Amino acid sequence: MTTETKTPVKKKSRSVGEVLKNMTRHQLFIPVAALVLLVLFNLIADPSFFAVSLKENSLGNPVLSGNIISVLDNASELVLLAIGMTLVTASSGGQDISVGAAMAIAGSVIIRLVCGGRVSVDTMQTSLILAVLAGIGVSMLFGAFNGVLVAYLKIQPMVATLILFTAGRSIAAWINNNQLPIVNDQVFKYAGTFIPGIPIPTPVFITILVILAFWLALKFTNLGLYTQSVGINANASRLNGLDPKMIKLLTYVILGACVAVAGFIRVSRSGSINYSRIAENIEMDAILAVALGGNALGGGKFNIYGSILGAYVIQFLTTTLFKYNVPSTALPAYKAVVIILLVVLSAPVVREKMSHIKKSSKRAKEVA
Amino acid sequence: MQEGAVLELRGISKFFPGVKALQNVDFTLRAGEVHALMGENGAGKSTLIKCLTGVYPKDEGEIYMAGHDKPVTIRSPQDAQNIGISTVYQEITLCPNLTVAENMYIGRTKGNLTRWKRMNKGAGKILKDLGIPAAPGQQLSSCSIAVQQMVAIARAVDMDCKVLILDEPTSSLDESEVAKLFKLMRDLKARGVGIIFVTHFLDQVYEISDRITVLRDGQLVGEYVIEDMPRVQLVSKMLGKELGDISDIKKASDKAADMTSVPVLEAEQLASAAGIKPFDFSIHKGEVNGFTGLLGSGRSECVRAIFGADRVSGGTVKVNGKSVKIRKPLDAMKQGIGYLPEDRKLDGIIGDLSVRDNIILALQVMKGFFRPFSRAQAEAFADEYIKKLEIKTASSDTPINSLSGGNQQKCIVARWLLTDPVYLILDEPTRGIDVGTKTEIQKLVLELAGEGKSVTFISSETDEMLNTCSRLIVMRDRKVVGELKGEDLNQDMIMSTIAGGEAQ
Ligand SMILES: Nc1ncnc2c1ncn2[C@@H]1O[C@H](COP(=O)(O)OP(=O)(O)OP(=O)(O)O)[C@@H](O)[C@H]1O
Ligand SMILES: [Mg+2]
C-alpha cells in the first residue's frame, strides 16, 4: 500500500462550459428546464397567463385567482401521490397503478361518514377529523394489501396493484351503496376550496404541510436510507439487519396515507363523488412525475423533491394546454408528446450520448 | 507496431470526476503470451481493460491491433468482440435468471433466430470440455459463484478470439478449477492467442505468465519479463515500498485466547435451510478460528447459520453462556456479531449509495430507524475508516459502485469494524484485495484478537488461514469432518483432512 494516497485533484477555476455540463448532469435539470421552457413559452405567447387577481368567489370571499394559482392548487393531489409513489418506486422497483382507484375509496369512506348514509346533508354527521382519519386508515389498509402482495408474495408491483386498480372503484361505490351523496356543508369544502378570509386555496397549504412532514421524516428518520438500500440491494440490506419486506410494506402504507389525503382534497373540492371519474388516469401522471423528477423507475436512489417538481411541471403543462383551448379529449395526446420528449431527454443513456457529443465536438474544435 | 504484437495501447488516459484513473499508459500484448497486469487496488487495471473494450470511452490514447494499419476505434464491448477481443470482466456480468446455455450465447446469435437445441448442445460440449459442473438448461443463479465465474470464462473462450482478457477470473475458484482454467489458457496460448491476465495471486502469475506489466496509481511502472522479476521486487514495484511482515504478531495473539473461559459464542447442533449437517461450534474471547474445506463444502453456510443469514432450522446458540435466539441478522448484530459476506456484489455493497452510507449502514441500523446519524457524524465515521483502511475514493460521497473491486471490499470491512463487534465473521475478506492489503487485513484480524475480540476467518488461501487462525474446522460435503489445532496446523494436515484422512 502506498503511504501517500493521492488526494483527488479538485479543479478550482471552472470554465462556463464545465458549469453548464455539471448543470445538465444534475438530476433536477430536466424538470427545471421544462419548467423554465413552459414559463418562457407562456411569457412570450401571452404574458397575461401569469396575471393574478383578487376576486370574490361565489361565497363572497375575496380569493386569488389566475393560472398560476390554479396550477398550484390543482397540482396538489398529484404532488401528494408523487411523493408516495417515489418511496414505493424506490423500495420495490415498481409502481402502484391503483392510486386513482384508491383515492376513490378514501373519498368514498370520508363522504359516507360525513353523510351518515344519507343522500344529501347540509351539516356533517360525523366530525370531519374523524372521517378523514378513518379515510386515511382505510386507505393505509389497502396500501398494506398492495404491500403484502408485493413484498411478501413477491408479485410484480404493477400486477399486484392491478387488482385494486380494477376493483377499487366498485369498492368505492359499494361503500356508499352505489349512491352519489352530496355534502352541502361549506365547512366540508374548506379543504378543497378556500377557508373564509384566506385568499389562497387550502390544498396548497395541505400540500406544503405534507411536503414539510416528509422533509422532516427524511431528515429525522432513516426512511430515505432504508428504502434506498432495500431498493438497490435487498439481500445486502437484510444482512445489515434491515427487514426488506417490512420496509417495502411500509412504503405502500405510506403511499396509502398520501392517497387518502389526496382523495380527501378531491372530494372536498365539490362535496360529491363520481366513482368512475374521480382521479381518473391520475396514476399515470403520478408515475410520470416520478420519472420526470429524474428518479429511476427501477428503484433505488430517489429524490423526492424531483418528483414534486415533476408533478408541478405536469400540472403546469395541463393548465397551459387548457388555456389554449386544447379540447380535453385531445389533451392526453399533447401531454404524451411533451412528456415522451422530457422522459427520453432525461434517460441516462441519452444524457450520456449528449455529453459525449458535446465532448467530441469540443475536441474537434480544439483540433481545428 | 512492434514485431509479434497483437495489441498495442499507446498513451491511454482516463479521468473520472476527481480521479485520474489512468495517465498516459502504454501496454503491449504479443501473440501467444500470457501477460499479467498487476497493481494494487485502484491502480487502474480494470479501467484500462474497460477503456480497451469500449465500456468506458477513453479520454486520450490510441489502440492498435495486428492486421489493422490504423488505430482501431472501439466504442462498445460488441465492437471489441467483433475485432477479436473477448473479455471476462471482474464483476460477473451474466444474467442470473437465464439458463447457463442462454448466458453463453446471449447477444451472439447474429440476428438469426436462436436455435435452442443447437445452443444447448454446443453449451453442453464446452461445459464438458472445461469440466464445469453445470447443466446447459440450469438457471444460472442456482450455480455457485465459482461455477458462474467458469461460465463467464466459457462464454468468452468459445469465441474465436485473438485477445482474451481475464480480470481476476480466479478470485472465486478453487485449486482444481484454477488448474482447469490454466490448461485452457495454455491451449489458447499455443493457438497464438494473446492473454491479458489480472490477478492478485502471485503464485498464479509466476505459474502461467510470460510477462508482467505493473501499474501504480494510474501510471505505468514498467513491463518486465517474468524471469527477470523476482517476487519481492515485483511486490515492491506494485506497492512502491516493501511488504510488511506479519509473523511476529501472530505469536503474541496466540497467548491472548483463553480457551478455558466461557465461550463468546457456542452453538450446538446448529442447522440451516441451506442444507448443512447440524454442527457444533464455539469460539472464545481473543480467539481466531476458521472454517476450511473445498468450495461448496459448506463453510460459508456454517457462518451464515451462525449469523442468521439463512433460515436457522435447528440447534441452540449461547452467547457468553446465555441462551439466545438468532433468527435473523439483526438478532446477531445485537449480540455484537458482525458478518462480512462472501459475495461482495450480491450480499455486500449497496451499489448506488455513497461510500459513506455503505460504511455507516450496519451501525445505523443497529442504532435505529428514528435515530439517524447527523451528516457530520456520518462523515466523520466514513473519513476515519477511509483513512484507516486507505480506501481509494474521490470522496465519501462517491457511489461505492465506482470504486475498484478491492476498495469496495475495504468499505465493507470498514462497515463491520465501525460496529465494534465482539465477534466478527469474515468470509473471504481478502478476495480481490492486493498483496499489500491482504497482509494488512491479516494483521488487523490479529490485532482485533489482541484486543480481546473473537474472529472467524474463512479464506480459500490456506496460508492466510495458517497465518491467522489458531484453530481450523475442516468441512467436507456440508459436514464438519475435523478440527485442527497446535501441531496439526499445517498445510499437509489440512489437505489430508479435507481429502478424507481423519484428523485427531
Ligand atoms: N465509473 C467510475 N467512476 C469514477 N471513478 C472510477 C470509476 N471506475 C473506476 N474509478 C476509479 O478509478 C480508479 C481505478 O479503478 P480500477 O477499477 O481500474 O482499479 P483496479 O486496478 O482494477 O483495482 P482492483 O484490484 O481493486 O480491482 C479507482 O480509484 C476508482 O475509484
Ligand atoms: Mg479491478
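Chain A is the first sequence line, chain B the second, and so forth, proteins listed ahead of strands; every chain is numbered from 1. Nothing here was measured: the structure is a model prediction, and the numbers come from that model.
- Formation of a donor-acceptor pair under 3.5 Å by the A:Arg238 side chain with backbone atoms of B:Pro329 is not found in this model.
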Identify all side-chain donor-acceptor contacts of residues 141-159 of chain A below 3.5 Å with residues at least two apart in sequence or on another chain.
unit_1   : atom_1 : unit_2  : atom_2 : d
A:Asn146 : ND2    : A:Asp96 : OD2    : 3.4
A:Asn146 : ND2    : A:Ser98 : OG     : 3.2

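- For B:Phe307, the part lying near chain A is the side chain, with the backbone staying farther off; criterion is any non-hydrogen pair under 4.5 Å.
- Every residue was checked against the side chain to side chain donor-acceptor pair (under 3.5 Å) condition with B:Asp79, not counting sequence neighbours, and none meets it.
- Of all non-hydrogen atoms in B:Trp416 and A:Asn240, the two that sit nearest each other are CZ2-OD1, 3.5 Å.
- For the pair B:Gly348 and A:Ala236, the tightest heavy-atom approach, listed with the atom from each and the gap, is O-CB, 3.5 Å.
- Proximity to chain A (any heavy atom under 4.5 Å) is shown, for B:Ile412, by neither the backbone nor the side chain.
- Only the side chain of B:Tyr339 comes within less than 4.5 Å of a heavy atom in chain A; its backbone stays farther off.
- Across A:Lys301 and B:Asp352, no two heavy atoms sit closer than the pair CD-O, 3.5 Å.
- The CG atom of B:Asp347 lies 5.0 Å from the CG atom of A:Asn235; values are rounded to the nearest 0.5 Å.
- If you tally non-hydrogen atom pairs under 4.5 Å between each of B:Asp357, B:Leu346, B:Asp331 and chain A, the highest count goes to B:Leu346.
- By the 4.5 Å heavy-atom criterion applied to side chains, B:Gln364 and A:Leu242 are not counted as neighbours.
- The main-chain N or O of B:Lys345 is found under 3.5 Å from a side-chain atom of A:Asn233 such that the two form a donor-acceptor pair.
- Contacts of B:Arg371 with chain A are made by backbone atoms alone, with heavy-atom separations under 4.5 Å and no side-chain atom involved.
- Within residues 213-227 of chain A, the residues having any heavy atom closer than 4.5 Å to a heavy atom of chain B are A:Lys219, A:Phe220, A:Thr221, A:Asn222, A:Leu223, A:Leu225, A:Tyr226, listed by residue number.
- The side chain to side chain donor-acceptor pair (under 3.5 Å) search around A:Asp243 returns none, not counting sequence neighbours.
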